[in-house]
There are 2 protein chains.
Amino acid sequence: MVEARDRFRSHLARRGLRYTAQRRLVTDATLRREGHYDADDLYEGLRAAGSEVSRATVYRTLGLLRDSGLIKEVLQCRGRASYEAVYGLEHHDHMLCVECGKVIEFRDDRIEELQRRICRRHGFRALEHRMGIRGICKQCAAAQKESGD
Amino acid sequence: MVEARDRFRSHLARRGLRYTAQRRLVTDATLRREGHYDADDLYEGLRAAGSEVSRATVYRTLGLLRDSGLIKEVLQCRGRASYEAVYGLEHHDHMLCVECGKVIEFRDDRIEELQRRICRRHGFRALEHRMGIRGICKQCAAAQKESGD
DNA sequence: CTTGCATTTGAGAATGAGTTTCAATAGCAA
DNA sequence: TTGCTATTGAAACTCATTCTCAAATGCAAG
Ligand SMILES: [Mn+2]
Ligand SMILES: [Mn+2]
Ligand SMILES: [Zn+2]
Ligand SMILES: [Zn+2]
């Protein structure tokens, strides 16, 4: 956590930007959080904790944190961009239950390797990739089978 | 093309909806088109061809075509939802060059199989999946190396 | 043909996430 | 302190998409 914060400070310093009180608040909020969240989750969370940060600053700081490699955008969920921590964690992909909204994370090294091979074959230099599976989770499928269908 | 149109008509009929002149115009426009397009591409295209269809109807019909399985949403590009034909075509994934915007389509059966296995392992019933790789295409990489670096 | 009724349409208003503007404030180096 | 630049917040703005609602249309029954 301190390490991540320092990384962000370096990122800012390297381009003549300042580590302000507001940026510290937003940064710590993202580092504290687990799982997926969006700009408004953070804004409301900070607000509830009595921190004075504007919505605009939350959006601006999320962009900086993304550029610095501390977090990344996962996917547009319900029309909003959601983020998750990436620094120090291993890459993974997502399954999303369209029924209950649950997110299941997974990772398969064989898929990752095949992806790399495909890029190599096309001379494509990958910067990031994202794989999302939408469907019905085990619990929701069971619930459906039980009731109506 | 006629087969696809009939499929859409059945889809509408099955739920008491009508195959109107406007819906026919939008449907044919999507069937004629190759590759990826968004709502505004279609709207402007129809307009240029002298067809009178409102933006609202284009959006509404795209939704119906999606529900009927004729087209699918590929990804939010530049803040817009883009679509592509799916009926009668084989599934594929996408690479997007962040430099020139080029889209490369690919398919790997081993990846598809691994995805199915992962879903099975989690008891997850997949409805659709989407994999996107963002990066620099061969041409843009070469151009970069040549000039600055 | 009419008539009756549900569906569809278009124009424009509304929504809502994200961005931009700009004047006031704050950080930092000299 | 001073001077210069970066930052902030509030509010205005953007822009894709959805919604509203009155007018138009499709269709089936008579
Ligand atoms: Mn995740
Ligand atoms: Mn495609
Ligand atoms: Zn579920
Ligand atoms: Zn390119």
Side-chain angles (χ1 to χ4, degrees), chain A residues 5 8-30 36-47 49-68 71-84, chain B residues 8-30 36-47 49-68 71-84 101:
Chain A
R5 199 157 31 194
F8 185 48
R9 299 189 65 160
S10 308
H11 175 83
L12 293 176
R14 221 171 304 123
R15 49 203 79 195
L17 302 177
R18 295 164 186 164
Y19 186 63
T20 64
Q22 290 90 337
R23 284 177 182 162
R24 181 172 51 71
L25 284 167
V26 176
T27 303
D28 286 1
T30 66
H36 308 116
Y37 51 87
D38 62 40
D40 221 53
D41 291 337
L42 284 183
Y43 176 69
E44 295 299 348
L46 286 165
R47 210 115 246 276
S51 304
E52 301 248 318
V53 186
S54 72
R55 225 176 213 102
T57 294
V58 170
Y59 275 105
R60 289 191 273 234
T61 307
L62 278 173
L64 291 168
L65 288 164
R66 189 214 316 108
D67 297 344
S68 79
I71 64 177
K72 77 170 167 188
E73 211 182 299
V74 181
L75 196 56
Q76 306 277 128
C77 238
R78 291 159 300 155
R80 299 177 182 195
S82 70
Y83 296 84
E84 71 179 350
Chain B
F8 185 48
R9 298 190 64 160
S10 307
H11 174 83
L12 294 176
R14 221 171 304 124
R15 50 203 76 197
L17 302 177
R18 296 166 185 160
Y19 186 63
T20 64
Q22 289 91 335
R23 283 177 182 162
R24 181 173 50 71
L25 284 167
V26 177
T27 303
D28 287 1
T30 66
H36 308 117
Y37 52 85
D38 62 41
D40 221 53
D41 292 337
L42 284 183
Y43 176 69
E44 294 298 347
L46 286 165
R47 207 117 248 271
S51 304
E52 301 249 320
V53 186
S54 73
R55 224 179 216 100
T57 295
V58 170
Y59 275 102
R60 289 191 274 234
T61 307
L62 277 173
L64 291 168
L65 288 164
R66 192 219 309 111
D67 297 344
S68 79
I71 63 175
K72 78 170 167 188
E73 212 182 299
V74 181
L75 195 56
Q76 306 277 126
C77 237
R78 292 158 301 153
R80 299 177 181 194
S82 70
Y83 296 85
E84 70 179 353

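Below, all heavy atoms of this structure are taken into account, side chains as well, without hydrogens, waters or symmetry copies.
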* To do: Could you please name the option among D:dA16, D:dA6, C:dT8 that lies closest to any side-chain atom of B:Y59?
  => D:dA16
* To do: Can you tell me the distance, in whole Å, between the CG atom of A:L62 and the P atom of C:dT19?
  => 10 Å
* Asked: Given side chains that start at C-beta, do those of A:D28 and A:R5 come closer than 4.5 Å, heavy atoms only?
  -> yes
* To do: Output the distance between atom CG (B:L42) and atom CG (B:L65), rounded to the nearest 0.5 Å.
  => 9.0 Å
* Structure fact -> Whole-Å distance, B:D40 CG to D:dT17 C1', equals 11 Å
* Asked: Nearest nucleotide by nearest heavy atom, which residue falls closer to the 5' end of DNA chain C, B:Y43 or B:L12?
  -> B:L12
* Answer yes or no: does a side-chain N or O of A:T57 lie under 4.0 Å from OP1 or OP2 of D:dG9? => yes
* Taking CZ from A:R80 and P from D:dC15, how many angstroms apart are they, rounded to a whole number? -> 22 Å
* Structure fact -> The nucleotide from C:dT8, C:dG10, D:dG9 with an atom nearest the side chain of B:A56 is C:dG10
* Can you tell me how far P of C:dT9 sits from CZ of B:R55, to the nearest Å? -> 17 Å
* Nearest-angstrom distance from the residue atom CZ of A:R23 to P of C:dG27 -> 12 Å
* Structure fact -> OG1 (A:T61) and CD (A:Q22) are apart, to the nearest 0.5 Å, by 8.0 Å
* Out of D:dT17, D:dG9, C:dG12, whichever nucleotide has its closest atom nearest the side chain of A:R60 -> D:dG9
* Describe, in one word, how the ring planes of B:Y37 and B:Y83 are oriented to each other, choosing from parallel (under 30°), tilted (30 to 60°) and perpendicular (over 60°). => parallel
* Taking atom P of D:dC15 as reference, at what distance in whole Å does atom CG of B:D38 sit? -> 14 Å
* Of all the nucleotides listed (C:dT9, C:dA17, D:dT8), which has the minimum atom distance to the side chain of A:Q22? -> D:dT8
* Asked: Choosing from C:dA11, D:dC27, D:dT17, which nucleotide comes nearest the side chain of B:R18?
  -> D:dC27
* Mark yes or no for whether A:R55, through its side chain, and A:Y43, through its backbone, hold a donor-acceptor pair below 3.5 Å. => no
* To do: Specify the separation, in whole Å, of atom OH of A:Y83 and atom P of C:dA17.
  => 13 Å
* Asked: Starting at the 5' end of DNA chain C and moving along, which residue's nearest nucleotide shows up first, B:S54 or B:G16?
  -> B:G16
* **Minimum-distance nucleotide to A:T20 side chain [options: C:dG18, D:dT8, D:dG9]** => D:dT8
* To do: Calculate the interatomic distance between A:R47 atom CZ and D:dG9 atom C1'; express it in whole Å.
  => 11 Å
